[in-house]
Amino acid sequence: MKNLEIENVYIHPESHSSPIINRIKSLYPDAEFKFLDNKELKDLESKTHSTLSSKQFSDSKKNVFLKPYQGKFFKACPGKNSKLVCCNYFVLNLGQQCHFNCSYCYLQSYLNFPYLV
């Protein structure tokens with residue numbers, strides 16, 4: 001049994017040939033795959049920082065946006081180089097958004113993406 005119920009997979013123009021697509025298709029054969037062109041990409045990315053209602057936040061767990069990662073994959077906690085008290089952990093950056101729907105999580109008001117990235 002799968003933990004996620006993926007309904008839509010949006011694919012960035014630079015990821016059209018990614019081998020991850022076939023892996024996602026094998027895991028979620030009923031999902032709709034949309035290969036974006038540059039105009040559709042701009043429309044999708046314009047929704048990135050909108051405020052989501054609780055229903056939209058729940059629905060965001062059913063949508064995936066597959067795109068190239070632009071940052072560092074593995075790095076020190078951001079608090080390490082600041083004047084904040086730091087955990088001294090390292091961060092593994094797999095994506096943005098979270099597929100859980102924890103009611104106590106502050107990220108629900110911080111990461112307002114209408115899809116998992």
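Numbers here simply count residues along the sequence, with the first being 1. Below, all heavy atoms of this structure are taken into account, side chains as well, without hydrogens, waters or symmetry copies.
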Could you walk me through whether Y115 and V64 pass the side chain to side chain contact (heavy atoms under 4.5 Å, CB included) test, one step at a time?
CA-CA 5 Å; Y115 38 77; V64 171; over 6 Å; no

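- Partners of Y89 by ring-ring contact (aromatic ring centres under 6.0 Å, His included), not counting sequence neighbours: none found.
- The CD1 atom of I21 sits 7.0 Å away from atom NZ of K25, with the distance rounded to the nearest 0.5 Å.
- The distance from the CG atom of N63 to the CD atom of E5 is 12.0 Å, given to the nearest 0.5 Å.
- A distance of 6.0 Å separates CG in L36 from CZ in F65, rounded to the nearest 0.5 Å.
- From L27, atom CG reaches atom CD1 of I20 across 11.5 Å, with rounding to the nearest 0.5 Å.
- The CD1 atom of I11 lies 10.5 Å from the OG atom of S17; values are rounded to the nearest 0.5 Å.
- A continuous path of Ile, Leu, Val, Met, Phe, Trp and Tyr side chains, each step under 4.5 Å between heavy atoms, connects I24 with F35, placing both in one hydrophobic cluster.
- Between F90 and F74, the ring planes lie parallel to each other; the angle is under 30°, not in the 30° to 60° tilted range.
- With sequence neighbours excluded, no residue forms a salt bridge (charged side-chain N to carboxylate O under 4.0 Å, His left out) with K75.
- Applying the salt bridge (charged side-chain N to carboxylate O under 4.0 Å, His left out) test to residues at least two apart or on different chains, the pairs with a partner in residues 30-40 are K34-E40, K39-D43.
- When all heavy atoms are compared, the tightest approach of A31 to V9 is CB-CG2, 4.3 Å.
- One finds the OH atom of Y10 at 13.5 Å from the CG atom of L66 (value rounded to the nearest 0.5 Å).
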